[in-house]
Amino acid sequence: QVQLVESGGGLVQAGGSLRLVCAASGRTFSSYTMGWFRQAPGKEREFVATINWSGGDTYYADSVKGRFTISRDRAKNTVYLQMSSLKPEDTAVYYCAAANEAFIVIVASLYRYWGQGTQVTVSS
């Protein structure tokens with residue numbers, strides 16, 4: 001199975017940047033599609049970005065397109081979310097997730113493994 005640990009969250013002013021890191025462990029991690037989701041207080045969990053580690057395909061939610069970049073480091077079993085031009089509405093707990101699929105996935109229910117989350121707070 002896969003274990004995921006997120007880091008890199010924190011407090012930042014609007015317009016600033018953060019890089020989230022998802023460190024994965026597991027025998028077959030490189031074959032998993034990876035995703036980032038977020039959940040704000042009182043809100044439903046929402047899709048942010050996904051990357052297919054086999055084909056290199058990526059997909060982003062409209063709300064973050066052009067500001068966030070998902071990337072990979074296969075040798076280190078690590079996935080990154082580079083967040084720029086942050087807005088107060090980006091404030092949420094961000095979760096890394098892994099799906100045993102060969103293609104990009106945007107539906108949360110298709111992800112089997114989840115990290116504990118890391119808090120991102122954007123002040124105005």
Task: Contact summary for Phe37 and Val107, nearest pair of heavy atoms - done: CZ-C, 4.3 Å
Open item on the list: Grouping I, L, V, M, F, W and Y whenever their side-chain heavy atoms are under 4.5 Å apart, do Tyr95 and Leu18 come out in a common cluster?
Closed with: no
Task: For Arg112, salt bridge (charged side-chain N to carboxylate O under 4.0 Å, His left out) partners two or more places apart - done: none
TODO: Indicate if Trp36 and Val105 have the same hydrophobic cluster label, given that clusters are the connected sets of ILVMFWY residues with side-chain heavy-atom separations under 4.5 angstrom.
DONE: no
Open item on the list: Could you report the tightest heavy-atom contact between Val2 and Ala24, atom names first, then the distance?
Closed with: CG1-CB, 4.5 Å
- [ ] Go through Ser25 and Gln3 one step at a time and tell me if the side-chain hydrogen bond (donor to acceptor under 3.5 Å, both in side chains) criterion holds.
- [x] CA-CA 5 Å; Ser25 61; Gln3 293 79 45; 3.1 Å; yes
Open item on the list: Using a 6.0 Å cut-off, check whether atom CD of Gln116 has over 12 heavy atoms from anything other than its own residue.
Closed with: yes
TODO: May I ask you to test the Gln39-Tyr94 pair for a side-chain heavy-atom distance under 4.5 Å?
DONE: no
- [ ] Over all heavy atoms of both residues, which pair between Tyr32 and Ala98 is shortest? Give the atoms and the distance, please.
- [x] CD2-CB, 3.9 Å
Task: Tyr80 side, atom OH; Ile51 side, atom CD1 - distance, nearest 0.5 Å - done: 11.5 Å
- [ ] Among residues two or more places apart or on two chains, list those pairs meeting salt bridge (charged side-chain N to carboxylate O under 4.0 Å, His left out) that have a residue in residues 86-99.
- [x] Arg38-Asp90, Arg67-Asp90
- [ ] Please report the shortest heavy-atom distance between Met34 and Tyr111, naming the atom on each side.
- [x] O-OH, 3.7 Å
Open item on the list: I need the Leu110 CG to Glu101 CD distance, nearest 0.5 Å.
Closed with: 6.0 Å
- [ ] Looking only at non-hydrogen atoms, find the nearest pair between Thr33 and Thr50 and report the distance.
- [x] CG2-OG1, 3.5 Å
- [ ] Report yes if some heavy atom in the side chain of Cys96 is under 4.5 Å from a heavy atom in the side chain of Trp114; otherwise report no.
- [x] no
- [ ] Would you give the length of the straight line joining atom CG of Asn52 to atom CZ of Phe103, rounded to the nearest 0.5 angstrom?
- [x] 9.0 Å
Open item on the list: For the CD1 atom of Ile70 and the SG atom of Cys22, what is their distance to the nearest 0.5 Å?
Closed with: 9.0 Å
- [ ] State yes or no: do Leu20 and Val64 share one hydrophobic cluster built from I, L, V, M, F, W and Y residues joined by side-chain heavy-atom distances below 4.5 Å, directly or via other members?
- [x] yes
Task: Note, Thr121 side chain near Val12 side chain (heavy atom, < 4.5 Å) - done: no
Task: Heavy atoms of other groups near Tyr59 OH, more than 12 under 6.0 Å - done: no
Open item on the list: Quick one, Gln1 and Tyr113 - any side-chain contact, counting heavy atoms below 4.5 Å?
Closed with: yes
TODO: Indicate yes or no for a side-chain donor-acceptor contact from Gln82 to the backbone of Thr69 under 3.5 Å, with no hydrogens or angles considered.
DONE: no
- [ ] Would you indicate whether the side-chain heavy atoms of Gln13 and Val122 approach each other to under 4.5 Å?
- [x] no
Open item on the list: If I take atom OG from residue Ser84 and atom CZ from residue Phe68, how far apart are they, to the nearest 0.5 angstrom?
Closed with: 8.5 Å
Task: Heavy-atom pair of closest approach, residues Ala49 and Leu81 - done: CB-CD1, 4.2 Å
Open item on the list: I'd like to know if Val79 and Tyr60 are part of one continuous hydrophobic network [Ile/Leu/Val/Met/Phe/Trp/Tyr, side-chain heavy atoms within less than 4.5 Å].
Closed with: yes
